[in-house]
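From a predicted model like this one, the values you see are computed outputs, not experimental measurements.
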Amino acid sequence: MKQPVKLIAGNWKMNGLGASLEEVAALRRSLDEQTAACRVALCPPATLVERMTAAARGSAIEVGGQDCRAETHGAFTGGVSAEMLKDAGAGLVIVGHSERRQEFGETDQLVSAKAESGVRAGLAPIVCVGETLEQREAGRAVEIVRAQIMNSLPQAVLGSDFAVAYEPVWAIGTGLTPTLEQIEEVHRAVRAAMIERLGLGSAAAPILYGGSVKPDNARDILAVPEVGGALVGGASLKAVDFLPIIRAA
């Protein structure tokens with residue numbers, strides 16, 4: 001059976017000003033010269049979504065948001081709805097990133113509602129799951145991730161374009177990465193939980209790996225069974241760093 005196309009998504013987090021769009025232009029030039037064998041997406045701060053969409057228009061680069069409210073509108077100062085992201089040109093949205101779960105206390109139920117709002121607005125949600133170092137050392141990584149899948153993935157994603165991202169919390173931005181065997185173990189567990197939760201209709205949805213993905217480890221990670229792409233943090237900020245990861249797919 002033909003393998004699904006991998007998705008390499010860059011999460012800029014709270015980084016990037018207008019001048020940073022030069023990196024999009026550089027990425028676009030390289031991708032125009034040599035077509036990537038994978039889907040490529042960038043998720044900038046909300047302030048750049050519209051401008052990045054314009055900069056990427058006509059290229060293979062997809063643009064997404066980093067988070068959204070579950071509501072369509074309302075008195076939520078500072079909030080951004082999925083509909084607003086769609087209106088600005090986004091095609092994807094990250095929900096449930098560990099930084100949102102930890103810093104803002106987001107629950108699985110809220111993540112599920114946000115994923116559902118993304119589907120409602122016509123966005124492809126990337127639903128993040130992952131264990132802390134304490135949970136990993138206690139031997140609970142698979143248990144924790146399975147529970148997050150069962151409670152964070154709404155039925156609404158079935159039939160839509162969606163992805164799950166496994167990000168061991170202890171590996172994000174630390175330079176640490178699990179072994180390839182650990183990555184495979186959790187990705188297989190994620191796939192089994194997805195099928196248990198949503199049925200075989202979820203079998204083709206990519207499972208991305210995130211957590212200190214870099215040019216020097218991307219090829220090995222992306223070759224692991226059930227790894228359907230990568231969610232890349234700091235290495236996605238510069239085209240010179242992001243391109244080798246894209247090429248590794």
Side-chain angles (χ1 to χ4, degrees), residues 1-11 31 35-43 60-64 66 91-98 111 115 118-119 123-131 141-142 145-146 148-150 152-154 156-169 171-172 177-215 217-233 235-236 242-249:
M1 184 175 71
K2 185 178 179 181
Q3 293 297 310
V5 175
K6 294 185 187 297
L7 169 62
I8 308 297
N11 177 12
L31 293 178
T35 303
C38 60
R39 291 173 62 192
V40 178
L42 287 173
C43 299
I61 302 170
E62 302 175 46
V63 179
Q66 297 177 10
L92 311 95
V93 63
I94 299 169
V95 296
H97 192 280
S98 64
V111 173
V119 173
L123 301 177
I126 299 174
V127 182
C128 299
V129 298
E131 82 283 0
V142 168
V145 169
R146 181 186 179 281
Q148 289 175 338
I149 290 291
M150 299 303 286
S152 298
L153 271 184
V157 301
L158 267 181
S160 70
D161 180 17
F162 78 98
V164 170
Y166 165 58
E167 298 189 301
V169 177
I172 299 172
T177 55
T179 65
L180 298 180
E181 291 75 18
Q182 288 172 328
I183 292 173
E184 180 177 356
E185 177 191 29
V186 178
H187 274 248
R188 288 192 184 279
V190 168
R191 178 66 71 198
M194 289 169 64
I195 292 174
E196 181 180 350
R197 170 77 176 118
L198 300 173
L200 290 175
S202 65
I207 305 170
L208 317 184
Y209 171 77
S212 295
V213 179
K214 299 173 182 175
N217 64 16
R219 190 169 300 279
D220 287 340
I221 291 173
L222 290 167
V224 172
E226 289 293 2
V227 174
L231 184 58
V232 185
S236 69
F242 197 36
L243 275 165
I245 298 174
I246 294 169
R247 300 299 184 211

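- Lys6 places no side-chain N or O within 3.5 Å of a backbone atom of Ala37 that could act as its donor or acceptor partner.
- For Ala218 against Val213, the heavy-atom pair with the smallest separation is CB-CG1, 4.2 Å.
- Note that OG of Ser212 is 8.5 Å distant from CD1 of Ile221, once rounded to the nearest 0.5 Å.
- Screening residues 199-210 for side chain to side chain donor-acceptor pair (under 3.5 Å) gives no qualifying pairs among residues at least two apart or on separate chains.
- Rounding to the nearest 0.5 Å gives a distance of 7.0 Å between CD of Glu62 and CG of Leu7.
- Among the candidates Ile172, Ile94, Val95, the single residue satisfying the side-chain contact (heavy atoms from CB on, under 4.5 Å) test with Cys128 is Ile94.
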- Message: For Ile126 and Phe162: C-alpha separation, side-chain torsions, deciding distance, then whether side-chain contact (heavy atoms from CB on, under 4.5 Å) applies.
- Response: CA-CA 6 Å; Ile126 299 174; Phe162 78 98; over 6 Å; no
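- Put simply, the side chain of Arg191 gets close to the backbone of Ala203: a donor and an acceptor are under 3.5 Å apart.
- Remark: the backbone N or O of Cys43 is paired with a side-chain donor or acceptor of Gln66 at under 3.5 angstrom.
- Between Val142 and Glu185, the closest side-chain pair of non-hydrogen atoms falls below 4.5 Å.
- Between Val129 and the choices Gln148, His97, Arg146, the side-chain contact (heavy atoms from CB on, under 4.5 Å) rule is met once, by Gln148.
- Taking 4.5 Å as the limit, every side-chain heavy atom of Val119 sits out of range of all side-chain heavy atoms of Leu123.
- For the atom pair CD1 of Ile246 and CG of Leu222, the computed distance is 11.0 Å after rounding to the nearest 0.5 Å.
- Applying the salt bridge (charged side-chain N to carboxylate O under 4.0 Å, His left out) rule to pairs touching residues 197-214 yields nothing, sequence neighbours excluded.
- Here OG1 of Thr177 is found 9.0 Å from CD of Gln182. Values are rounded to the nearest 0.5 Å.
- Side-chain contact between Leu231 and Glu167 is present, with at least one heavy-atom pair separated by less than 4.5 Å.
- Between atom CG of residue Leu42 and atom CD1 of residue Ile8 there is a gap of 11.5 Å, rounded to the nearest 0.5 Å.
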- Leu92 and Asp161: side-chain contact (heavy atoms from CB on, under 4.5 Å), yes or no, with the steps? CA-CA 9 Å; Leu92 311 95; Asp161 180 17; 5.6 Å; no
